[in-house]
Engineer: 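Mind having a look at this structure? Questions to follow.
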Protein chains: 2
Amino acid sequence: MDDTHAVNALSALAHPLRLQVFRMLVATAPEGVPAGTIAENLGVAASSLSFHLSQLQQAGLVTATRHQRFILYATDIGATRELMEFLTADCCDGRPELCGRPGLAPTCDTTKGLSRP
Amino acid sequence: MDDTHAVNALSALAHPLRLQVFRMLVATAPEGVPAGTIAENLGVAASSLSFHLSQLQQAGLVTATRHQRFILYATDIGATRELMEFLTADCCDGRPELCGRPGLAPTCDTTKGLSRP
DNA sequence: TCCATATTTCGACTATTATCGAAATATGGA
DNA sequence: TCCATATTTCGATAATAGTCGAAATATGGA
């Protein structure tokens, strides 16, 4: 996962409603939930939810599959895992004191070109 | 960490320049780096960087401490760790297949009030 | 004190995000 | 085929984010 994809994924989660949507879909994973059910549970207009679902989908965090008359939204497990690994390995530099866990090694050189004052 | 704080932290990281800044500060943690050095390394106007540093600071992800004439910015290790734990425990529901690691237990009920279609 | 330097704040502007109702599209069943 | 339902797209609008140069503020040293 490169920076651009990571920023897209982070942007997608950086909204109260979308965070709630994502959590709901994580809780039901790997099953999907119809758009209407999500809208109803979160008390938001169908058109607003549709906008946010499309943001999450474009970021790759959720998938949409039509099932009869419903469109089921579900977390993309691989993409979610990739984001977590990006944050842990690349962003937190694999340091347990930052990540709260034994670190994964960074996949890129995070110090390149940095000159000190 | 509640949803509001998490959204603030995610928003702060959801920008290419701020993600680069954050990574630089993670790489140098726990040492801080002067604003000017960051601006120079990333090739951005001082005023623009100042704006982004303030976003990161307001989100609690970095701290600022004056040291002589410089203001040193450094990652807030505790806040970073809290964010990671929030994502792992509350957001990923502690599931290894989502988090890429043995899970922490969620600290809240993520399924409350969800009615199925 | 006065100047050079480090950083932030201000101002002005552009672009993007978010909202919701209404209208359009798509699907399955009668 | 025709209708009911699920969802998205389209407007229109308000709010926020992002950019940079110029001006303001703060610190340390001569």
Side-chain angles (χ1 to χ4, degrees), chain A residues 3-22 24-25 28 31-59 61-74 114-117, chain B residues 3-4 6-22 24-25 28 31-74 114-117:
Chain A
D3 271 30
T4 303
H5 288 132
V7 164
N8 289 341
L10 291 167
S11 296
L13 293 179
H15 185 278
L17 188 64
R18 290 196 293 263
L19 190 55
Q20 282 189 273
V21 170
F22 185 73
M24 180 184 297
L25 296 183
T28 59
E31 302 269 320
V33 182
T37 304
I38 303 174
E40 191 185 348
N41 274 279
L42 300 181
V44 66
S47 59
S48 295
L49 182 75
S50 181
F51 169 76
H52 291 296
L53 285 173
S54 126
Q55 303 273 107
L56 285 165
Q57 194 184 359
Q58 278 192 283
L61 291 173
V62 310
T63 61
T65 32
R66 187 174 274 280
H67 190 251
Q68 313 206 350
R69 285 209 259 180
F70 303 89
I71 298 183
L72 302 180
Y73 284 88
L114 174 62
S115 59
R116 305 310 275 272
Chain B
D3 272 30
T4 302
V7 165
N8 289 342
L10 291 167
S11 297
L13 293 179
H15 186 278
L17 188 65
R18 290 196 293 264
L19 190 55
Q20 283 189 272
V21 169
F22 185 73
M24 180 185 296
L25 296 183
T28 59
E31 302 268 320
V33 182
T37 304
I38 302 173
E40 192 185 348
N41 274 279
L42 300 181
V44 67
S47 57
S48 295
L49 182 74
S50 182
F51 169 76
H52 292 295
L53 285 173
S54 125
Q55 304 272 106
L56 285 165
Q57 195 183 0
Q58 278 192 282
L61 291 174
V62 310
T63 61
T65 33
R66 186 174 276 279
H67 190 252
Q68 314 206 349
R69 284 209 260 180
F70 303 89
I71 298 184
L72 302 180
Y73 284 87
L114 174 63
S115 59
R116 304 312 272 274

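Every heavy atom of this structure was used, including side-chain atoms; hydrogens, water molecules and symmetry mates were not. Note that the coordinates shown come from a computational prediction; the quantities given were computed from them, not determined experimentally.
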Engineer: Do you know the tightest heavy-atom contact between Ala39(B) and Leu49(B)?
Structural biologist: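 Minimum heavy-atom separation between Ala39(B) and Leu49(B): N-CD2, 3.5 Å.
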Engineer: If the cut-off is 4.0 Å, is Tyr73(A) near the phosphate of dA6(D), judged by side-chain N/O to OP1 or OP2?
Structural biologist: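 So the side chain of Tyr73(A) is outside the cut-off, no N or O lying under 4.0 Å from OP1 or OP2 of dA6(D).
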Engineer: Please give, in whole Å, the distance from dA6(C) C1' to Ile38(B) CD1?
Structural biologist: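 Ile38(B) atom CD1 is separated from dA6(C) atom C1' by 13 Å.
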Engineer: In whole angstroms, how far is the P atom of dA18(C) from the CG atom of Leu56(A)?
Structural biologist: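 Interatomic distance, CG of Leu56(A) to P of dA18(C): 11 Å.
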Engineer: Would you mind telling me which residue lines up with the more 5' stretch of DNA chain D, Leu49(A) or Gln55(B), judged by nearest nucleotide?
Structural biologist: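 Of the two residues, Leu49(A) wins.
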Engineer: Given dG21(D), dT19(D), dT19(C), which nucleotide is nearest the side-chain atoms of Ser47(B)?
Structural biologist: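 Of the options given, the side chain of Ser47(B) lies nearest dG21(D).
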Engineer: Show each protein N/O and nucleotides 26-30 of chain D N/O combination with a separation under 3.5 Å, one pair to a line.
Structural biologist:
none

Engineer: Take atom CZ of Phe70(B) and atom P of dT25(D), then tell me their distance rounded to the nearest Å.
Structural biologist: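 Between P of dT25(D) and CZ of Phe70(B): 22 Å.
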Engineer: Does the side chain of Leu53(B) reach to within under 4.5 Å of the side chain of Ile38(B), using non-hydrogen atoms?
Structural biologist: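 SC-SC contact between Leu53(B) and Ile38(B) confirmed.
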Engineer: Can you see which heavy atom on Ala59(B) is nearest to which on Ala9(B), and at what distance?
Structural biologist: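 Taking every non-hydrogen atom into account, CB-CA, 4.0 Å.
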Engineer: Gln55(A) and Ala12(A): which non-hydrogen atoms are nearest, and at how many Å?
Structural biologist: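 Reported closest heavy-atom pair: O-CB, 4.1 Å.
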Engineer: Remember a base hit wins even if backbone is also touched, and classify Ala35(A) as base, sugar-phosphate or nothing at under 4.0 Å, heavy atoms.
Structural biologist: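 Here Ala35(A) touches the backbone only, sparing every base.
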Engineer: Side chains of Val21(B) and His52(B): does their closest heavy-atom pair fall under 4.5 Å?
Structural biologist: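 Sidechains of His52(B) and Val21(B): no contact.
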Engineer: On DNA chain C, nearest-nucleotide positions of Ser50(B) versus Ala14(A): which is more 5'?
Structural biologist: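 The 5'-side residue here is Ser50(B).
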Engineer: Report yes if the side chains of Leu61(B) and Arg18(B) come closer than 4.5 Å at any heavy-atom pair, otherwise no.
Structural biologist: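 They are not in contact (no side-chain heavy atoms under 4.5 Å apart), so the answer is no.
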Engineer: Measure the distance from NE2 on His15(B) to C1' on dA17(D) and round it to the nearest whole Å.
Structural biologist: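 His15(B) atom NE2 is separated from dA17(D) atom C1' by 8 Å.
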Engineer: Can you tell me the distance, in whole Å, between the CD1 atom of Ile71(B) and the C1' atom of dT25(D)?
Structural biologist: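 About 11 Å, once rounded to whole Å.
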Engineer: Taking CG from Leu53(B) and P from dA17(D), how many angstroms apart are they, rounded to a whole number?
Structural biologist: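 Roughly 16 Å, once rounded to whole Å.
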Engineer: By nearest heavy atom, map Ala45(B) and Phe51(B) onto DNA chain D; which one lands nearer the 5' end?
Structural biologist: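 Result: Phe51(B).
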Engineer: Rounding to an integer number of Å, can you tell me how far Leu10(B) CG sits from dT17(C) C1'?
Structural biologist: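 Rounded to whole Å, this separation is 17 Å.
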Engineer: Ignoring hydrogens and angles, answer whether the base of dG18(D) and the side-chain atoms of Ser48(B) contain a donor-acceptor pair closer than 3.5 Å.
Structural biologist: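 Check fails, no donor-acceptor contact within cut-off.
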Engineer: Kindly give the heavy-atom pair with the smallest separation between Ala64(A) and Gln57(A), and that separation in Å.
Structural biologist: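 In this case the closest contact between Ala64(A) and Gln57(A) is CB-NE2, 3.7 Å.
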Engineer: Could you summarise the pairing of DNA chain C as dot-bracket text, marking Watson-Crick and G-U pairs under 3.5 Å with ( ) or [ ] inside the strand and | across strands?
Structural biologist: ||||||||||||||||||||||||||||||
Engineer: Within the 4.5 Å heavy-atom criterion, are Gln20(A) and Asp3(B) side-chain neighbours or not?
Structural biologist: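 Contact flag for Gln20(A)/Asp3(B) side chains = yes.
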Engineer: Round to the nearest Å and state the distance from Gln58(A) atom CD to dT9(D) atom P.
Structural biologist: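 The distance from CD of Gln58(A) to P of dT9(D) comes to 10 Å, rounded to the nearest Å.
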Engineer: Measure from the side-chain N and O atoms of Ser11(B) to the backbone N and O of Val7(B), and report whether any donor-acceptor pair falls under 3.5 Å.
Structural biologist: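 Yes; judged by distance alone, with no hydrogens or angles, the pair exists.
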Engineer: Give me the atom names and distance for the closest heavy-atom approach of Leu25(A) to Tyr73(A).
Structural biologist: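 Here Leu25(A) and Tyr73(A) meet closest at CD2-O, 3.3 Å.
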